[in-house]
Structures are given as C-alpha cells and as structure tokens.
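What you see is a predicted model, and the numbers here were worked out from it, not measured in a lab.
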Amino acid sequence: MNVLYVTGACLTKNTSANMSHNGYVQGLLENGCHVDILMAKDSWGQEDAGLPIWPQANYFSYESTSLQDRLQKKLRGCFGSTSTVSMQSGGNIGVAAAKGNVKSNLRAAAKKLFYYCFPTDPLYSLEHTWLKKAANFRNITKYDLVISNSSPAASHKMVGLLLEKRQIKCDRWIQIWEDPWFLDLYAEYPDIVGEEEHSLLRAAHEVYYVSPLTLDYQKQFYPDCAHKMKHVPLPFLNFVKNDPGSAKKSGSFGYFGDYYSQTRNLEPFYDALKKSGMQGYIYGNSNLNLASTEQIVVSGRVTLDVLAQVQAKTEVLIHLSNLKGGQIPGKIYHYSATGKPILFILDGTQEEQDILRSYFGQFNRYYFCENREESILSAIRNIQSDICSGKTWSPVAEFSPKEVVAQLF
C-alpha cells in the first residue's frame, strides 16, 4: 500500500505531537506500507536526536521559516526583554528606569511597524511559508491512502491544496485530529477558525479523533460531518525497548509534561505527593511556580534522552486530565508502553470523567482517582501497597503502533 503522511511539523523536534506522528509512521511501516512523508524542515520545539529517522520512508521536507520570522527573531535580539529593570542603588534607579522606558517605547514602535509591513495570517501564522513552499510537492503515483495529521491544522490544508491542484491523487484521505481546532483550549480567532475547520472536515473522506470525548463533542458541533467521524487511539512510540518497570522500589512518582494552569491543575498532586513523603519528579513547562524540595525535583522541559534517564528511576507514572474540553494528553498512550503502574488523575465534568474511566478502564491498566488531594493520596497508597506485594504491569498492546494503524485500513 502506498501512503502519503503529511504534517506541517518537523518530526525531529521534541514535542508530544511529534512523538505521536512518529508512532503513526512506525505503525504504517510495520503494516508493510510504502511511506512518503511530507513535512516541514523546521518547526516549534528543540531538535532531539532521540527521535527516530525512518530509513524505510521517503522524506520530502520544505522550508517553513520566512523572512518575516527571521526579522522578528532579530528584533527580539536587538531590543531584548523589557519586563524587568535592573535594580541599582541611589539615583541610578531613576536613570535605569528612564532607559528602560525608552527601550520599551522603541520596542513597541518597532513591533507596530513590523506588523504593519508584515501582516500575519490569523489562521496559519506559523505555517504560512510551509504552505506556500510545500504546495510545490507533486507525485504521479496514485496513493492508496493519504493521512494528514494535526497539529498543526495546516497539515490538512496542504492535502486539500494538493488534491485541488491535482498534484497528488489518492483513493482515501484520512484526517487525524489530535486536538480539535475551534474547541481547542488554545484556539485564537474562534469565528474564522470554526469556518476553516468546517471546510477542512467537509473535504476529507474520513476524520479520526484520538479522544472519545472529543469525537462526541465534534459530532455535536459539526453534525453534517458526524457520519465520517471516528475514534482511533494515539500509538505509543516504541523506537526504544519498552521500559519493564525496573526502577528500584523507592516510592518515586513522576509527572512529565507541560502543566499550564489554564489547561490542567497539577497542584493537588504536588500537595498530595508532599504529604505522602514519597520521592517525586515534575518535568515540564508551566506558568506555576512549584518549588523543588528535598523530596520533589521540579524542572522545565528537557530532551528525550535526559527525560529517559529520569523516567528510568521513576517507579510510578502520572497522567493528569485536562480541566475541560475532553482532549487527552498524549502521554497516557506513551506511558502505556511501559511496565510501570500509571496513576490516572481524572478531571473535567463528571460526564467527561465517566467516559474516560469507562474507555481506559477496559484495559485494567490504570489507577483512577479524582483531582483532589485526598483522592490522589489514597491512590498513591494503593499503588505502593501493590508494588510491595509484587504486582506487575504490562504494556497495552492495543496502543502499539501496528495495532493502532491497522484500524485505519
């Protein structure tokens, strides 16, 4: 089977989306597909040598950084940050403040002039250049299947453009939405986003969502497209040997992922972990200022190789649900590749929690609790009891790349 996999991201960048993107590619290859990959040369995230490059696949990458992007980066370097003023003693404070104000005014004026000369695309501001450059891709071979995967949503836009211009041909076009667009927690310009998302959905042959909750919401929001909407889980990326759960029985718990307060609430877990007396690791970016203690290590985002070292000495993995919207952080699928106990902290409405518990509960793999300190503390103690009794855990085969991708055929 000839398959074209399209993403507006660069698959060597360290993001949770790229973990899943590579998982789908792995699953296509393991199912015997001939795979072409159309992607961006660069995108958000740090370059990570821990992510795989598939020698069996053909990569077609196109420039994604525009003159506008390069100028914007230079402007930031020239004017720097104006959020703080250097504190000096005596009369120097007033001089420093005056200099800071001048710099702030210059930065504001430069920014205003910049966006006047280079207006942004409200829909595809980060992928505008890639959409223009990658539109030159063409292949005379007819694809049995084309898969476009977001994020970013520009992945779907690109396939629509290529089909419209007849630069590719295919029997089926599947859109995979790891997050919805209009209903996304981070969505900007909701009115025009909703119209564009609807246009993309109408063009696809089939549409897949990775959360059963998101699938339900999207069917309600776009009822004319509901008949083509389905659910498929994210594949875990097992390009390294699955962790057998070999960490020492030290009672260590790890949360790995971003935790901005508008998306998910990590504080109850942090407080429960302190009260439990167990060792903990929290690695990810956030607008919260959780402090490291003798017991808990708090760090920002790190590369996969560094994260692997921390995760290797972590005994229990933590999944925290979003506050609302039904989207599922992808880490739950990747954690399911390990042989370690997984604490699944439920959040959102009661209906959302019930659906998540019902779907993931069928695999008999997770410890569920509510996002309250008392409920989390109780779950921590249950897990520790099972660890001490010698209980073992296995990967969830249903989330392996080969099994997940087989559902698309």
Side-chain angles (χ1 to χ4, degrees), residues 1-11 17-18 20-21 24-25 27-29 31 33-41 43 54 57-64 66 121-182 192-210 215 218-219 221-230 232 405 407-409:
M1 178 180 286
N2 292 319
V3 179
L4 175 64
Y5 186 89
V6 181
T7 173
C10 175
L11 297 187
N18 282 334
S20 302
H21 289 326
Y24 282 115
V25 173
L28 288 167
L29 294 170
N31 277 282
C33 298
H34 172 86
V35 182
D36 290 343
I37 300 172
L38 176 59
M39 70 175 199
K41 278 188 178 179
S43 62
W54 306 101
N58 300 312
Y59 288 81
F60 300 88
S61 58
Y62 287 85
E63 185 63 53
S64 57
S66 66
D121 182 339
L123 288 170
Y124 304 106
S125 58
L126 297 178
E127 297 85 29
H128 178 78
T129 299
W130 180 73
L131 284 171
K132 183 178 179 180
K133 300 289 186 181
N136 294 313
F137 175 80
R138 63 176 67 241
N139 195 323
I140 60 174
T141 302
K142 186 177 181 180
Y143 289 106
D144 300 293
L145 175 63
V146 173
I147 299 175
S148 54
N149 198 337
S150 60
S151 64
S155 311
H156 308 310
K157 181 69 172 181
M158 175 52 60
V159 174
L161 292 172
L162 293 174
L163 288 172
E164 182 181 350
K165 294 192 296 183
R166 299 184 179 181
Q167 292 179 206
I168 61 170
K169 295 179 181 179
C170 69
D171 291 329
R172 294 170 63 209
W173 172 21
I174 289 176
Q175 292 178 5
I176 299 176
W177 291 77
E178 296 181 4
D179 292 314
W181 201 1
F182 179 85
I192 58 174
V193 161
E195 293 177 7
E196 180 73 359
E197 181 178 24
H198 198 184
S199 176
L200 294 173
L201 294 174
R202 286 197 299 262
H205 296 134
E206 299 164 54
V207 179
Y208 285 83
Y209 296 99
V210 302
L215 172 64
Q218 290 292 97
K219 282 185 173 182
F221 199 74
Y222 298 108
D224 61 319
C225 297
H227 66 283
K228 65 174 74 175
M229 294 179 176
K230 304 175 184 179
V232 67
V405 170
Q407 299 178 42
L408 302 177
F409 300 143

May I have the step-by-step check of side chain to side chain contact (heavy atoms under 4.5 Å, CB included) for R202 and D224, ending in yes or no? CA-CA 8 Å; R202 286 197 299 262; D224 61 319; 3.9 Å; yes
Working for side chain to side chain contact (heavy atoms under 4.5 Å, CB included), residues L145 and D171: CA-CA 6 Å; L145 175 63; D171 291 329; over 6 Å; no
W130/F137 under ring pair (Phe, Tyr, Trp, His ring centres under 6.0 Å): CA gap, chis, key distance, verdict: CA-CA 11 Å; W130 180 73; F137 175 80; over 10 Å; no
Candidate pair V146 and L162, rule side chain to side chain contact (heavy atoms under 4.5 Å, CB included), full reasoning: CA-CA 11 Å; V146 173; L162 293 174; over 6 Å; no
Step-by-step side chain to side chain contact (heavy atoms under 4.5 Å, CB included) determination, D36 to Y143: CA-CA 10 Å; D36 290 343; Y143 289 106; 2.7 Å; yes
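Between I168 and L163, the closest side-chain pair of non-hydrogen atoms falls below 4.5 Å. Looking only at side-chain heavy atoms (C-beta outward), P180 and E197 come within less than 4.5 Å of each other. You'll find the side chain of Y24 reaches within 4.5 Å of the side chain of V232, heavy atoms only. No side-chain heavy atom of F60 sits under 4.5 Å from any side-chain heavy atom of L4. For the pair W177/L200, a side-chain contact is recorded, criterion being any heavy-atom separation below 4.5 Å from C-beta on. Within the 4.5 Å cutoff, no side-chain heavy atoms of E196 are placed close to those of H156. The side-chain heavy atoms of P152 and T7, taken from C-beta on, include a pair separated by under 4.5 Å.
The heavy-atom pair separating S148 from S155 by the smallest distance is CB-O, 3.6 Å. Residue D144 comes nearest to N2 through the heavy atom pair OD2-N, 2.7 Å, listed as atom of the first residue, atom of the second, then distance. Of all the heavy atoms in N31 and G27, the pair that sits closest is ND2-O, 2.8 Å. When all heavy atoms of L38 and A134 are compared, the pair lying nearest together is CD1-CB, 4.3 Å. Here the closest heavy-atom approach between residue A17 and residue S151 is recorded as CB-OG, 3.8 Å. Q167 and A135 get closest at one heavy-atom pair: NE2-O, 2.7 Å.
Using cut-offs of 30° and 60° on the angle between ring planes, the pair H198 and Y222 is tilted. Between Y5 and H21, the ring planes lie perpendicular to each other; the angle is over 60°, past the 30° to 60° tilted range.
Taken from SG in C33 to CG in L408, the straight-line distance is 9.5 Å, to the nearest 0.5 Å. Going from atom OG1 of T129 over to atom NZ of K41 covers 12.5 Å, rounded to the nearest 0.5 Å. For the atom pair M158 CE and K133 NZ, the distance stands at 12.0 Å (nearest 0.5 Å). In this structure, CG on L29 lies 10.0 Å from NE2 on H34, to the nearest 0.5 angstrom. Rounding to the nearest 0.5 angstrom, the gap separating the NE2 atom in H227 from the NZ atom in K219 is 11.0 Å. Once rounded to the nearest 0.5 Å, the distance linking CD of Q218 with CG of L201 reads 6.5 Å.
Other residues, nucleotides and ligands place more than 12 heavy atoms under 6.0 Å from the NZ atom of K228.
Under the side chain to side chain donor-acceptor pair (under 3.5 Å) criterion, T141 pairs with N139, sequence neighbours left out. Legend: residues meeting side-chain contact (heavy atoms from CB on, under 4.5 Å) with A203, ordered by chain and number and at least two apart, are W173.
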